[in-house]
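I have placed the structure first, in the form of structure tokens, so that the comments after it can refer back to it.
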Amino acid sequence: MGSVHVVWERFFVGFDVVVLVDADDAELERWPTGDLYEKLLLAGVSIIVDPTGAAGVFGGRPDYFELLVAMTADLVTAHRPGEGLGEVELLPPESTEIVLDWYRRNVDVP
């Protein structure tokens with residue numbers, strides 16, 4: 001039986017922009033958020049509030065989502081900073097589908 005290689009992509013989802021970042025938080029690509037931010041908020045996904053605006057990509061807004069997406073495995077996690085490595089929450093199927101649908105319509109296009 002062969003093994004499956006899972007690739008995780010890291011996204012910051014702000015009110016009006018979604019940013020793909022590397023392990024050092026360097027921006028690789030960006031897209032308009034559309035309704036993704038609102039849908040994640042209404043679904044109760046963990047949100048990060050950074051009053052310093054250190055993320056710097058959201059026009060000074062202090063709130064954003066940090067998501068890890070593994071399209072090959074249909075998995076999405078939300079990350080929240082905290083003690084040690086912070087907290088990682090595996091999103092439930094309904095919330096995962098919100099993110100995967102956005103990904104298919106925006107990222108995974110020719």
Side-chain angles (χ1 to χ4, degrees):
M1 186 169 167
S3 62
V4 175
H5 183 71
V6 177
V7 175
W8 291 94
E9 294 176 284
R10 188 167 164 232
F11 294 88
F12 292 154
V13 180
F15 182 75
D16 58 358
V17 65
V18 178
V19 180
L20 173 63
V21 296
D22 67 12
D24 297 318
D25 292 345
E27 182 177 325
L28 301 174
E29 200 164 344
R30 64 174 42 214
W31 301 266
T33 301
D35 60 357
L36 179 60
Y37 178 93
E38 182 179 358
K39 285 182 175 182
L40 292 173
L41 196 61
L42 293 173
V45 175
S46 295
I47 192 165
I48 296 170
V49 177
D50 176 13
T52 68
V57 294
F58 306 116
R61 285 189 61 108
D63 51 331
Y64 62 97
F65 299 94
E66 182 179 341
L67 304 177
L68 293 172
V69 179
M71 280 301 290
T72 57
D74 289 339
L75 294 173
V76 179
T77 66
H79 176 259
R80 288 182 55 90
E83 211 163 299
L85 296 175
E87 299 175 27
V88 175
E89 165 193 2
L90 184 62
L91 297 189
E94 302 81 22
S95 299
T96 294
E97 190 51 40
I98 291 169
V99 176
L100 297 181
D101 179 57
W102 177 89
Y103 187 103
R104 288 182 202 104
R105 288 184 288 112
N106 293 274
V107 180
D108 201 16
V109 293

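Rounding to the nearest 0.5 Å gives a distance of 10.0 Å between CG of L36 and CZ of F11. To the nearest 0.5 Å, the span separating OG1 on T77 from CG on L91 amounts to 7.0 Å.
In plain terms, the two heavy atoms of L20 and E9 that are nearest each other are CD1-CB, 3.9 Å. V45 approaches L67 most closely through the heavy-atom pair CG1-CD2, 4.4 Å. Minimum heavy-atom separation, R105 to D35: NH2-OD1, 4.4 Å. Scanning all heavy atoms of the two residues, the minimum distance from H79 to G86 falls at NE2-CA, 4.2 Å. Closest approach of W31 and N106 over heavy atoms only: NE1-O, 3.4 Å. The heavy-atom pair separating I47 from Y37 by the smallest distance is CD1-OH, 3.6 Å.
Salt bridge present: E97 and R104 bring a charged side-chain N and a carboxylate O closer than 4.0 Å.
Using a 4.5 Å cut-off on side-chain heavy atoms (C-beta onward), L90 and T96 make no contact. For the pair W8 and L75, the minimum side-chain heavy-atom distance is below 4.5 Å. By the 4.5 Å heavy-atom criterion applied to side chains, F12 and I48 are not counted as neighbours. The closest side-chain heavy-atom distance from W102 to V18 is below 4.5 Å.
There is a path of hydrophobic side-chain contacts, each under 4.5 Å, that joins V6 to L68. Note on L40 and V88: separate hydrophobic clusters, where clusters join Ile, Leu, Val, Met, Phe, Trp and Tyr whose side-chain heavy atoms are under 4.5 Å apart, directly or indirectly. Residue L42 is not grouped with residue L100 when hydrophobic side chains (ILVMFWY) are merged at heavy-atom distances under 4.5 angstrom, including chains of intermediate members.
In this structure, T33 contributes its side chain and G14 its backbone to a donor-acceptor pair below 3.5 Å. Looking at R10, its side chain does come within 3.5 Å of a backbone N or O of D22 through a donor-acceptor pair.
Environment of CD in E89: crowded, with over 12 heavy atoms of neighbouring residues, nucleotides or ligands closer than 6.0 Å.
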